Q: 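What follows is a structure written as C-alpha coordinates; I'll ask about it next.
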2 protein chains.
Amino acid sequence: MIDTGAEPESRAERKLRTRRAILDATLELCTDSSLTALSLRQVAKQVGIVPTAFYRHFDSIESLGLALVEESFDSLRDLFRDVRRNAQADQDPSTSSGHRIVDGSIDALVDHVHRRRDHFGFIARERVAGPRSVRDAIRREIELCERELATDLALMTGTDTWTAKDLHVLSSLFVTVLVATAEQILSTTRPEQEEQIVATVRTQLRMLLIGVYQWRSEP
Amino acid sequence: MIDTGAEPESRAERKLRTRRAILDATLELCTDSSLTALSLRQVAKQVGIVPTAFYRHFDSIESLGLALVEESFDSLRDLFRDVRRNAQADQDPSTSSGHRIVDGSIDALVDHVHRRRDHFGFIARERVAGPRSVRDAIRREIELCERELATDLALMTGTDTWTAKDLHVLSSLFVTVLVATAEQILSTTRPEQEEQIVATVRTQLRMLLIGVYQWRSEP
DNA sequence: CCTTTCAGTGAACATCTGTACACCGACAAC
DNA sequence: GTTGTCGGTGTACAGATGTTCACTGAAAGG
(Lines give C-alpha, C1' and ligand atoms only; values in the text may rest on other atoms or scores of the structure.)
Protein backbone atom coordinates (compact mmCIF):
# COMPACT_ATOMS: atom_id res chain seq x y z
CA MET A 1 0.00 0.00 0.00
CA ILE A 2 1.31 3.37 -1.00
CA ASP A 3 1.99 5.84 1.78
CA THR A 4 0.09 8.90 0.60
CA GLY A 5 1.36 10.68 3.69
CA ALA A 6 -1.68 12.82 4.30
CA GLU A 7 -5.30 12.29 5.26
CA PRO A 8 -6.36 8.71 4.47
CA GLU A 9 -5.90 6.69 7.65
CA SER A 10 -6.12 2.96 7.92
CA ARG A 11 -8.57 1.55 10.41
CA ALA A 12 -5.78 0.56 12.80
CA GLU A 13 -4.28 4.03 12.63
CA ARG A 14 -7.61 5.64 13.36
CA LYS A 15 -8.18 3.37 16.34
CA LEU A 16 -4.77 4.17 17.71
CA ARG A 17 -5.50 7.85 17.30
CA THR A 18 -8.66 7.80 19.38
CA ARG A 19 -6.92 5.63 21.93
CA ARG A 20 -4.28 8.32 22.22
CA ALA A 21 -7.02 10.93 22.46
CA ILE A 22 -8.58 9.02 25.35
CA LEU A 23 -5.26 8.77 27.17
CA ASP A 24 -4.55 12.47 26.66
CA ALA A 25 -8.05 13.53 27.64
CA THR A 26 -7.77 11.49 30.83
CA LEU A 27 -4.44 13.01 31.77
CA GLU A 28 -5.86 16.46 31.21
CA LEU A 29 -9.11 15.84 33.08
CA CYS A 30 -7.49 14.48 36.20
CA THR A 31 -4.75 17.10 36.61
CA ASP A 32 -6.57 17.80 39.83
CA SER A 33 -8.93 15.15 41.14
CA SER A 34 -7.61 11.59 40.69
CA LEU A 35 -8.84 8.73 38.55
CA THR A 36 -11.32 7.50 41.14
CA ALA A 37 -13.24 10.74 40.77
CA LEU A 38 -13.25 10.56 36.98
CA SER A 39 -16.25 9.36 35.03
CA LEU A 40 -16.23 7.50 31.78
CA ARG A 41 -18.67 10.04 30.35
CA GLN A 42 -16.43 13.00 31.13
CA VAL A 43 -13.63 11.31 29.26
CA ALA A 44 -15.87 10.49 26.31
CA LYS A 45 -17.16 14.06 26.12
CA GLN A 46 -13.63 15.47 26.23
CA VAL A 47 -12.52 13.12 23.46
CA GLY A 48 -15.59 13.82 21.39
CA ILE A 49 -16.95 10.31 21.21
CA VAL A 50 -20.11 8.78 22.55
CA PRO A 51 -19.76 7.14 26.00
CA THR A 52 -20.23 3.60 24.73
CA ALA A 53 -17.39 3.97 22.23
CA PHE A 54 -15.05 4.09 25.21
CA TYR A 55 -15.49 0.35 25.66
CA ARG A 56 -13.93 -0.30 22.24
CA HIS A 57 -10.59 0.72 23.80
CA PHE A 58 -10.75 0.00 27.53
CA ASP A 59 -13.23 -1.96 29.58
CA SER A 60 -13.08 0.35 32.58
CA ILE A 61 -11.49 3.49 33.94
CA GLU A 62 -9.28 1.22 35.97
CA SER A 63 -7.69 -0.51 32.97
CA LEU A 64 -7.28 2.90 31.37
CA GLY A 65 -5.35 3.81 34.49
CA LEU A 66 -3.07 0.81 34.10
CA ALA A 67 -2.26 1.88 30.56
CA LEU A 68 -1.42 5.35 31.84
CA VAL A 69 0.86 3.84 34.48
CA GLU A 70 2.93 2.15 31.78
CA GLU A 71 3.04 5.29 29.72
CA SER A 72 3.97 7.50 32.67
CA PHE A 73 6.77 5.22 33.75
CA ASP A 74 8.20 5.38 30.27
CA SER A 75 8.67 9.06 30.98
CA LEU A 76 10.24 8.30 34.34
CA ARG A 77 12.61 5.81 32.78
CA ASP A 78 13.57 8.50 30.26
CA LEU A 79 14.60 10.60 33.23
CA PHE A 80 16.65 7.76 34.69
CA ARG A 81 18.38 7.27 31.37
CA ASP A 82 19.31 10.94 31.25
CA VAL A 83 20.62 10.89 34.79
CA ARG A 84 22.73 7.82 34.06
CA ARG A 85 24.16 9.32 30.90
CA ASN A 86 24.93 12.46 32.85
CA ALA A 87 26.66 10.60 35.66
CA GLN A 88 28.83 8.60 33.30
CA ALA A 89 29.95 11.72 31.45
CA ASP A 90 30.96 13.32 34.74
CA GLN A 91 32.94 10.31 35.86
CA ASP A 92 35.33 12.22 38.07
CA PRO A 93 34.25 11.47 41.62
CA SER A 94 37.48 12.74 43.16
CA THR A 95 36.65 16.39 42.56
CA SER A 96 34.05 18.18 44.64
CA SER A 97 32.67 14.90 46.00
CA GLY A 98 30.05 14.28 43.36
CA HIS A 99 28.52 17.74 43.39
CA ARG A 100 28.41 17.82 39.63
CA ILE A 101 26.52 14.54 39.46
CA VAL A 102 24.00 15.81 41.99
CA ASP A 103 23.51 19.08 40.16
CA GLY A 104 23.19 17.35 36.82
CA SER A 105 20.68 14.86 38.14
CA ILE A 106 18.53 17.58 39.67
CA ASP A 107 18.60 19.57 36.44
CA ALA A 108 17.50 16.48 34.55
CA LEU A 109 14.72 15.91 37.07
CA VAL A 110 13.40 19.46 36.75
CA ASP A 111 13.61 19.28 33.00
CA HIS A 112 11.71 16.03 32.69
CA VAL A 113 9.06 17.03 35.21
CA HIS A 114 8.40 20.19 33.22
CA ARG A 115 8.22 18.34 29.96
CA ARG A 116 5.83 15.68 31.22
CA ARG A 117 3.93 17.41 33.99
CA ASP A 118 0.99 15.18 33.19
CA HIS A 119 2.85 11.90 33.59
CA PHE A 120 4.72 12.82 36.76
CA GLY A 121 1.59 14.33 38.25
CA PHE A 122 -0.31 11.19 37.40
CA ILE A 123 2.18 8.99 39.19
CA ALA A 124 2.30 11.24 42.23
CA ARG A 125 -1.48 11.34 42.54
CA GLU A 126 -2.57 7.82 41.68
CA ARG A 127 0.26 6.35 43.70
CA VAL A 128 -1.76 7.09 46.82
CA ALA A 129 -5.24 7.97 45.58
CA GLY A 130 -5.88 5.78 42.56
CA PRO A 131 -7.77 2.50 42.36
CA ARG A 132 -6.05 -0.32 44.21
CA SER A 133 -4.80 -2.07 41.08
CA VAL A 134 -3.29 1.19 39.84
CA ARG A 135 -1.64 1.87 43.17
CA ASP A 136 -0.17 -1.62 43.15
CA ALA A 137 1.10 -1.27 39.61
CA ILE A 138 2.80 2.02 40.47
CA ARG A 139 4.42 0.61 43.58
CA ARG A 140 5.73 -2.31 41.55
CA GLU A 141 7.21 0.04 38.96
CA ILE A 142 8.83 2.18 41.63
CA GLU A 143 10.43 -0.87 43.16
CA LEU A 144 11.81 -1.74 39.75
CA CYS A 145 13.29 1.74 39.54
CA GLU A 146 14.87 1.34 42.95
CA ARG A 147 16.46 -1.94 41.94
CA GLU A 148 17.72 -0.45 38.72
CA LEU A 149 19.22 2.51 40.53
CA ALA A 150 20.80 0.19 43.09
CA THR A 151 22.77 -1.63 40.40
CA ASP A 152 23.92 1.72 39.03
CA LEU A 153 25.07 2.78 42.45
CA ALA A 154 26.99 -0.47 42.85
CA LEU A 155 29.27 0.62 40.03
CA MET A 156 30.07 3.88 41.77
CA THR A 157 30.61 2.73 45.34
CA GLY A 158 32.38 -0.58 45.07
CA THR A 159 30.90 -3.73 46.55
CA ASP A 160 33.69 -4.06 49.06
CA THR A 161 32.26 -1.37 51.31
CA TRP A 162 28.58 -1.67 50.34
CA THR A 163 26.34 -4.71 50.68
CA ALA A 164 23.56 -5.24 48.17
CA LYS A 165 21.06 -4.55 50.91
CA ASP A 166 22.53 -1.20 51.82
CA LEU A 167 22.68 -0.25 48.16
CA HIS A 168 18.96 -0.82 47.90
CA VAL A 169 18.38 1.15 51.08
CA LEU A 170 20.26 4.10 49.63
CA SER A 171 18.58 3.81 46.27
CA SER A 172 15.21 3.76 48.00
CA LEU A 173 16.07 6.98 49.79
CA PHE A 174 17.10 8.63 46.53
CA VAL A 175 13.83 7.62 44.91
CA THR A 176 11.88 8.94 47.89
CA VAL A 177 13.60 12.30 47.62
CA LEU A 178 13.12 12.28 43.87
CA VAL A 179 9.39 11.67 44.15
CA ALA A 180 8.98 14.27 46.87
CA THR A 181 10.88 16.85 44.84
CA ALA A 182 8.80 16.14 41.75
CA GLU A 183 5.66 16.61 43.81
CA GLN A 184 6.90 19.94 45.10
CA ILE A 185 7.85 21.16 41.64
CA LEU A 186 4.45 20.16 40.33
CA SER A 187 2.63 21.99 43.09
CA THR A 188 4.10 25.37 42.27
CA THR A 189 4.06 27.64 39.25
CA ARG A 190 6.20 30.45 40.62
CA PRO A 191 9.73 30.21 39.22
CA GLU A 192 11.36 31.73 42.31
CA GLN A 193 9.73 29.10 44.51
CA GLU A 194 10.93 26.39 42.20
CA GLU A 195 14.43 27.82 42.46
CA GLN A 196 14.22 27.41 46.19
CA ILE A 197 12.94 23.85 45.96
CA VAL A 198 15.87 22.97 43.74
CA ALA A 199 18.36 24.69 46.03
CA THR A 200 16.92 22.84 49.01
CA VAL A 201 17.10 19.39 47.47
CA ARG A 202 20.61 20.13 46.25
CA THR A 203 21.75 20.83 49.79
CA GLN A 204 19.88 17.81 51.10
CA LEU A 205 21.62 15.49 48.68
CA ARG A 206 25.00 17.00 49.55
CA MET A 207 24.40 16.41 53.23
CA LEU A 208 23.44 12.86 52.44
CA LEU A 209 26.46 12.34 50.19
CA ILE A 210 28.82 13.14 53.04
CA GLY A 211 27.33 10.24 54.92
CA VAL A 212 27.38 8.02 51.85
CA TYR A 213 31.09 8.57 51.24
CA GLN A 214 31.92 7.46 54.74
CA TRP A 215 29.48 4.59 55.00
CA ARG A 216 30.85 1.12 55.59
CA SER A 217 28.29 -1.67 55.51
CA GLU A 218 28.15 -4.05 58.43
CA PRO A 219 28.18 -7.60 57.09
CA MET B 1 -27.40 22.35 85.66
CA ILE B 2 -26.81 18.97 87.20
CA ASP B 3 -24.67 16.53 85.29
CA THR B 4 -26.89 13.46 85.17
CA GLY B 5 -24.07 11.65 83.42
CA ALA B 6 -26.17 9.34 81.33
CA GLU B 7 -28.60 9.60 78.46
CA PRO B 8 -30.11 13.07 78.34
CA GLU B 9 -28.00 15.10 75.94
CA SER B 10 -28.21 18.79 75.48
CA ARG B 11 -28.80 20.08 71.99
CA ALA B 12 -25.20 21.20 71.64
CA GLU B 13 -23.91 17.81 72.74
CA ARG B 14 -26.13 16.03 70.28
CA LYS B 15 -24.99 18.28 67.45
CA LEU B 16 -21.36 17.65 68.31
CA ARG B 17 -22.03 13.93 68.34
CA THR B 18 -23.42 13.82 64.79
CA ARG B 19 -20.62 16.10 63.69
CA ARG B 20 -18.17 13.55 65.03
CA ALA B 21 -20.13 10.80 63.32
CA ILE B 22 -19.83 12.65 60.01
CA LEU B 23 -16.09 13.08 60.44
CA ASP B 24 -15.62 9.42 61.36
CA ALA B 25 -17.84 8.20 58.54
CA THR B 26 -15.87 10.28 56.06
CA LEU B 27 -12.53 8.97 57.27
CA GLU B 28 -13.84 5.44 56.96
CA LEU B 29 -15.42 5.91 53.53
CA CYS B 30 -12.37 7.41 51.91
CA THR B 31 -9.78 4.93 53.20
CA ASP B 32 -9.35 4.18 49.52
CA SER B 33 -10.64 6.73 47.06
CA SER B 34 -9.99 10.35 48.13
CA LEU B 35 -12.39 13.11 49.09
CA THR B 36 -12.96 14.24 45.53
CA ALA B 37 -14.57 10.88 44.79
CA LEU B 38 -16.80 11.03 47.84
CA SER B 39 -20.43 12.05 47.68
CA LEU B 40 -22.39 13.86 50.33
CA ARG B 41 -25.06 11.18 50.11
CA GLN B 42 -22.65 8.34 50.83
CA VAL B 43 -21.55 10.15 53.97
CA ALA B 44 -25.13 10.80 55.04
CA LYS B 45 -26.09 7.18 54.53
CA GLN B 46 -23.09 5.96 56.50
CA VAL B 47 -23.91 8.33 59.36
CA GLY B 48 -27.56 7.43 59.30
CA ILE B 49 -28.96 10.85 58.57
CA VAL B 50 -30.84 12.23 55.61
CA PRO B 51 -28.66 13.94 52.96
CA THR B 52 -29.96 17.44 53.63
CA ALA B 53 -29.08 17.18 57.32
CA PHE B 54 -25.45 17.22 56.26
CA TYR B 55 -25.72 20.93 55.57
CA ARG B 56 -26.45 21.63 59.24
CA HIS B 57 -22.79 20.82 59.92
CA PHE B 58 -20.79 21.57 56.79
CA ASP B 59 -21.71 23.42 53.65
CA SER B 60 -19.73 21.16 51.34
CA ILE B 61 -17.49 18.12 51.22
CA GLU B 62 -14.64 20.55 50.81
CA SER B 63 -15.17 22.31 54.13
CA LEU B 64 -15.59 18.90 55.74
CA GLY B 65 -12.16 18.13 54.33
CA LEU B 66 -10.69 21.25 55.92
CA ALA B 67 -12.03 20.16 59.30
CA LEU B 68 -10.42 16.76 58.81
CA VAL B 69 -7.12 18.43 57.96
CA GLU B 70 -7.10 20.18 61.32
CA GLU B 71 -8.04 17.02 63.13
CA SER B 72 -5.47 14.90 61.31
CA PHE B 73 -2.68 17.33 62.02
CA ASP B 74 -3.54 17.21 65.69
CA SER B 75 -2.56 13.54 65.44
CA LEU B 76 0.62 14.43 63.61
CA ARG B 77 1.52 17.01 66.22
CA ASP B 78 0.98 14.36 68.87
CA LEU B 79 3.64 12.33 67.11
CA PHE B 80 5.99 15.30 67.06
CA ARG B 81 5.45 15.84 70.76
CA ASP B 82 6.32 12.21 71.47
CA VAL B 83 9.44 12.37 69.35
CA ARG B 84 10.56 15.52 71.12
CA ARG B 85 9.97 14.06 74.54
CA ASN B 86 11.88 10.99 73.46
CA ALA B 87 14.82 12.98 72.15
CA GLN B 88 15.11 15.05 75.32
CA ALA B 89 15.10 11.96 77.52
CA ASP B 90 17.91 10.45 75.46
CA GLN B 91 20.04 13.56 75.65
CA ASP B 92 23.33 11.77 75.35
CA PRO B 93 24.50 12.52 71.84
CA SER B 94 28.06 11.42 72.51
CA THR B 95 27.20 7.72 72.50
CA SER B 96 26.40 5.86 69.33
CA SER B 97 25.96 9.11 67.38
CA GLY B 98 22.26 9.58 67.99
CA HIS B 99 21.20 6.07 67.10
CA ARG B 100 18.93 5.93 70.08
CA ILE B 101 17.13 9.10 69.07
CA VAL B 102 16.63 7.74 65.56
CA ASP B 103 15.32 4.42 66.82
CA GLY B 104 13.01 6.06 69.32
CA SER B 105 11.64 8.45 66.73
CA ILE B 106 10.93 5.66 64.29
CA ASP B 107 9.20 3.62 66.98
CA ALA B 108 7.03 6.61 67.82
CA LEU B 109 6.23 7.09 64.14
CA VAL B 110 5.16 3.48 63.69
CA ASP B 111 3.13 3.60 66.85
CA HIS B 112 1.24 6.77 65.94
CA VAL B 113 0.61 5.66 62.37
CA HIS B 114 -0.94 2.45 63.65
CA ARG B 115 -3.07 4.23 66.17
CA ARG B 116 -4.39 6.79 63.72
CA ARG B 117 -4.24 5.01 60.40
CA ASP B 118 -7.21 7.08 59.29
CA HIS B 119 -5.62 10.45 59.98
CA PHE B 120 -2.22 9.67 58.51
CA GLY B 121 -3.82 8.04 55.50
CA PHE B 122 -6.02 11.05 55.03
CA ILE B 123 -3.06 13.42 55.00
CA ALA B 124 -1.07 11.21 52.63
CA ARG B 125 -3.95 10.92 50.18
CA GLU B 126 -5.52 14.36 50.18
CA ARG B 127 -2.11 16.01 50.16
CA VAL B 128 -1.90 15.21 46.46
CA ALA B 129 -5.40 14.15 45.47
CA GLY B 130 -7.80 16.27 47.50
CA PRO B 131 -9.62 19.44 46.50
CA ARG B 132 -7.28 22.38 45.96
CA SER B 133 -8.18 24.13 49.20
CA VAL B 134 -7.51 20.93 51.15
CA ARG B 135 -4.20 20.39 49.41
CA ASP B 136 -3.18 23.95 50.21
CA ALA B 137 -4.20 23.60 53.85
CA ILE B 138 -2.15 20.42 54.18
CA ARG B 139 0.90 21.97 52.59
CA ARG B 140 0.65 24.92 54.95
CA GLU B 141 0.45 22.61 57.95
CA ILE B 142 3.41 20.58 56.76
CA GLU B 143 5.45 23.75 56.40
CA LEU B 144 4.54 24.61 59.97
CA CYS B 145 5.80 21.21 61.06
CA GLU B 146 9.05 21.74 59.21
CA ARG B 147 9.59 25.09 60.89
CA GLU B 148 8.80 23.61 64.26
CA LEU B 149 11.23 20.75 63.73
CA ALA B 150 13.88 23.18 62.54
CA THR B 151 13.81 25.06 65.84
CA ASP B 152 14.12 21.76 67.69
CA LEU B 153 17.10 20.80 65.59
CA ALA B 154 18.69 24.14 66.34
CA LEU B 155 18.97 23.13 69.97
CA MET B 156 20.81 19.94 69.08
CA THR B 157 23.26 21.17 66.48
CA GLY B 158 24.33 24.55 67.68
CA THR B 159 23.85 27.65 65.55
CA ASP B 160 27.57 28.17 65.15
CA THR B 161 27.89 25.45 62.53
CA TRP B 162 24.34 25.55 61.17
CA THR B 163 22.57 28.48 59.53
CA ALA B 164 18.81 28.82 59.92
CA LYS B 165 18.43 28.05 56.26
CA ASP B 166 20.31 24.79 56.46
CA LEU B 167 18.33 23.80 59.52
CA HIS B 168 15.16 24.18 57.54
CA VAL B 169 16.64 22.24 54.65
CA LEU B 170 17.45 19.37 56.98
CA SER B 171 14.11 19.52 58.72
CA SER B 172 12.39 19.43 55.34
CA LEU B 173 14.30 16.28 54.46
CA PHE B 174 13.31 14.63 57.72
CA VAL B 175 9.67 15.45 57.11
CA THR B 176 9.91 14.08 53.58
CA VAL B 177 11.30 10.80 54.86
CA LEU B 178 8.71 10.74 57.64
CA VAL B 179 5.83 11.18 55.21
CA ALA B 180 7.23 8.59 52.81
CA THR B 181 7.69 6.10 55.61
CA ALA B 182 4.17 6.66 56.89
CA GLU B 183 2.86 6.06 53.39
CA GLN B 184 4.77 2.80 53.13
CA ILE B 185 3.59 1.58 56.51
CA LEU B 186 0.01 2.40 55.57
CA SER B 187 0.24 0.53 52.30
CA THR B 188 1.12 -2.79 53.87
CA THR B 189 -0.55 -5.11 56.34
CA ARG B 190 2.11 -7.81 56.53
CA PRO B 191 4.17 -7.39 59.70
CA GLU B 192 7.35 -8.77 58.18
CA GLN B 193 7.17 -6.21 55.40
CA GLU B 194 6.67 -3.46 57.94
CA GLU B 195 9.73 -4.72 59.79
CA GLN B 196 11.72 -4.27 56.63
CA ILE B 197 10.37 -0.78 56.00
CA VAL B 198 11.41 0.19 59.50
CA ALA B 199 14.84 -1.35 59.13
CA THR B 200 15.32 0.47 55.84
CA VAL B 201 14.40 3.90 57.13
CA ARG B 202 16.58 3.32 60.19
CA THR B 203 19.60 2.74 58.00
CA GLN B 204 18.68 5.68 55.80
CA LEU B 205 18.58 8.04 58.75
CA ARG B 206 21.91 6.71 60.03
CA MET B 207 23.54 7.32 56.68
CA LEU B 208 22.12 10.81 56.71
CA LEU B 209 23.23 11.44 60.28
CA ILE B 210 26.85 10.80 59.39
CA GLY B 211 26.57 13.65 56.94
CA VAL B 212 24.72 15.82 59.41
CA TYR B 213 27.41 15.46 62.09
CA GLN B 214 30.06 16.66 59.71
CA TRP B 215 28.09 19.39 58.03
CA ARG B 216 29.36 22.93 58.26
CA SER B 217 27.10 25.60 56.80
CA GLU B 218 28.59 28.00 54.30
CA PRO B 219 27.63 31.52 55.32
C1' DC C 1 -17.62 -7.79 -5.87
C1' DC C 2 -19.47 -9.38 -1.99
C1' DT C 3 -19.05 -10.34 2.80
C1' DT C 4 -17.17 -9.66 7.25
C1' DT C 5 -15.25 -6.88 10.77
C1' DC C 6 -15.57 -3.33 13.98
C1' DA C 7 -15.01 1.76 15.64
C1' DG C 8 -18.42 4.71 16.57
C1' DT C 9 -23.73 5.94 17.09
C1' DG C 10 -28.07 6.84 19.65
C1' DA C 11 -31.77 5.66 22.48
C1' DA C 12 -33.04 3.70 26.74
C1' DC C 13 -32.57 2.03 31.55
C1' DA C 14 -32.08 2.19 36.54
C1' DT C 15 -29.41 4.39 39.78
C1' DC C 16 -27.00 8.04 42.00
C1' DT C 17 -25.86 12.91 42.44
C1' DG C 18 -26.41 17.95 44.79
C1' DT C 19 -29.67 21.03 46.37
C1' DA C 20 -34.29 23.46 47.20
C1' DC C 21 -38.34 23.61 49.93
C1' DA C 22 -41.77 22.96 53.43
C1' DC C 23 -42.18 20.74 57.50
C1' DC C 24 -41.67 18.67 62.38
C1' DG C 25 -40.74 18.49 67.27
C1' DA C 26 -37.79 18.81 71.12
C1' DC C 27 -34.86 21.74 73.53
C1' DA C 28 -33.81 26.76 75.03
C1' DA C 29 -34.87 31.36 76.36
C1' DC C 30 -37.84 34.66 78.07
C1' DG D 1 -46.02 28.70 79.62
C1' DT D 2 -45.43 30.67 75.50
C1' DT D 3 -42.35 31.40 71.78
C1' DG D 4 -38.39 30.76 68.94
C1' DT D 5 -34.41 28.26 67.58
C1' DC D 6 -32.61 24.65 64.99
C1' DG D 7 -31.23 19.47 64.19
C1' DG D 8 -33.26 16.41 61.47
C1' DT D 9 -37.08 14.63 58.02
C1' DG D 10 -39.40 13.80 53.42
C1' DT D 11 -40.47 15.01 48.95
C1' DA D 12 -39.06 16.58 44.75
C1' DC D 13 -36.34 17.68 40.64
C1' DA D 14 -32.96 18.21 37.07
C1' DG D 15 -28.90 16.34 35.81
C1' DA D 16 -25.03 12.88 35.69
C1' DT D 17 -23.61 8.14 35.94
C1' DG D 18 -22.44 3.01 34.08
C1' DT D 19 -24.09 -0.32 30.95
C1' DT D 20 -27.45 -2.65 27.64
C1' DC D 21 -28.76 -3.16 22.99
C1' DA D 22 -29.63 -2.81 18.16
C1' DC D 23 -27.74 0.04 14.57
C1' DT D 24 -24.60 2.12 10.80
C1' DG D 25 -21.14 2.64 7.45
C1' DA D 26 -16.73 2.40 5.88
C1' DA D 27 -12.46 -0.18 5.66
C1' DA D 28 -10.46 -5.11 5.26
C1' DG D 29 -10.33 -9.49 3.25
C1' DG D 30 -11.92 -13.26 0.54
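In this text the structure is predicted, and so the values were computed from the model without any measurement. Each chain gets a letter, A, B and so on, in the order the sequences are listed, and its residues count up from 1.
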Q: Without hydrogens or angle criteria, can the side chains of A:S171 and A:E146 be said to hold a donor-acceptor pair below 3.5 Å?
A: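 No pair is found: no donor N or O on one side chain lies under 3.5 Å from an acceptor on the other.
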
Q: Anything under 3.5 Å between a protein N or O and an N or O of nucleotides 2-4 of chain D, put it in a table, one pair a line.
A:
none

Q: Could you identify which residues of residues 59-70 of chain B place a heavy atom less than 4.0 Å from some atom of DNA chain D, listed by residue number, or say none?
A: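 Under 4.0 Å from DNA chain D: no residue of residues 59-70 of chain B.
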
Q: Just checking A:R17: does its CZ atom have more than 12 heavy atoms from other residues, nucleotides or ligands closer to it than 6.0 angstrom?
A: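 Result for CZ/A:R17: open.
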
Q: Identify, residue by residue, the members of residues 22-32 of chain A with a heavy atom below 4.0 Å from DNA chain D, and return them in order of residue number, or none.
A: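 Under 4.0 Å from DNA chain D: no residue of residues 22-32 of chain A.
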
Q: In this structure, how many angstroms lie between the P atom of C:dC27 and the CD atom of B:E13, rounded?
A: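 For the pair B:E13 CD and C:dC27 P, the rounded distance is 12 Å.
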
Q: To the nearest Å, give me how far apart CZ (A:R19) and P (C:dC6) are.
A: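 Rounded to whole Å, this separation is 17 Å.
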
Q: Indicate whether the side chain of B:Q184 and that of B:S187 have a donor and an acceptor atom separated by less than 3.5 Å.
A: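 No, because no side-chain N or O of B:Q184 sits under 3.5 Å from a partner of the opposite role on B:S187.
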
Q: Answer yes or no: does atom CD of B:E192 have more than 12 heavy-atom neighbours from other residues, nucleotides or ligands under 6.0 Å?
A: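 For B:E192, atom CD is crowded (more than 12 foreign heavy atoms under 6.0 Å).
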
Q: Could you tell me whether A:D24 and A:R19 make a salt bridge, using a distance below 4.0 angstrom between a side-chain N and a carboxylate O?
A: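 Salt bridge: no.
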
Q: Which of residues 36-55 of chain A sit near DNA chain D, with a heavy atom under 4.0 Å from it?
A: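 Heavy-atom contacts with DNA chain D come from A:S39, A:L40, A:R41, A:Q42, A:T52, A:Y55.
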
Q: To the nearest Å, how far apart are B:R56 CZ and D:dG10 C1'?
A: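 Those two atoms, CZ and C1', are 13 Å apart.
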
Q: Testing the 3.5 Å rule here: is there a donor-acceptor pair between the side chains of B:H168 and B:E143?
A: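 Looking only at side-chain atoms, B:E143 and B:H168 do not form any donor-acceptor pair under 3.5 Å.
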
Q: Closest heavy-atom contact between B:T36 and A:S33?
A: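 Answer, listing the atom of B:T36 first, then A:S33: OG1-O, 2.9 Å.
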
Q: Using whole Å, report how far CZ of B:R17 lies from C1' of D:dG8.
A: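 That distance rounds to 13 Å.
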
Q: Give a yes or no on this: more than 12 heavy atoms of other residues, nucleotides or ligands lie within 6.0 Å of atom CZ of A:R14.
A: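 Incorrect, the count does not exceed 12.
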
Q: Without hydrogens or angle criteria, can the side chains of B:E194 and B:T188 be said to hold a donor-acceptor pair below 3.5 Å?
A: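 The criterion, which ignores hydrogens and geometry beyond distance, is not satisfied for B:T188 and B:E194.
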
Q: Report the residues that fulfil side-chain contact (heavy atoms from CB on, under 4.5 Å) with B:R11, sequence neighbours left out, ordered by chain and then residue number.
A: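 B:R11 satisfies side-chain contact (heavy atoms from CB on, under 4.5 Å) with no residue once adjacent residues are dropped.
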
Q: In this structure, how many angstroms lie between the C1' atom of C:dG8 and the CD atom of A:E9, rounded?
A: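 In whole Å, C:dG8 C1' and A:E9 CD are 14 Å from each other.
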
Q: Using only modelled atom types and a 3.5 angstrom limit, is any donor from either the side chain of B:R14 or the base of D:dG7 paired with an acceptor on the other?
A: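 Absent.
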
Q: If the condition is side-chain hydrogen bond (donor to acceptor under 3.5 Å, both in side chains), which residues does B:H57 pass it with, not counting sequence neighbours?
A: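 B:T18.
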
Q: Could you tell me if the side chain of A:D118 sits less than 4.5 Å from the side chain of A:E28, heavy atoms only?
A: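 No, too far: nothing below the 4.5 Å cut-off.
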
Q: Could you state the interatomic distance from CZ (A:R125) to OG (A:S72), rounded to the nearest 0.5 Å?
A: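 A:R125 atom CZ to A:S72 atom OG measures 9.0 Å (nearest 0.5 Å).
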
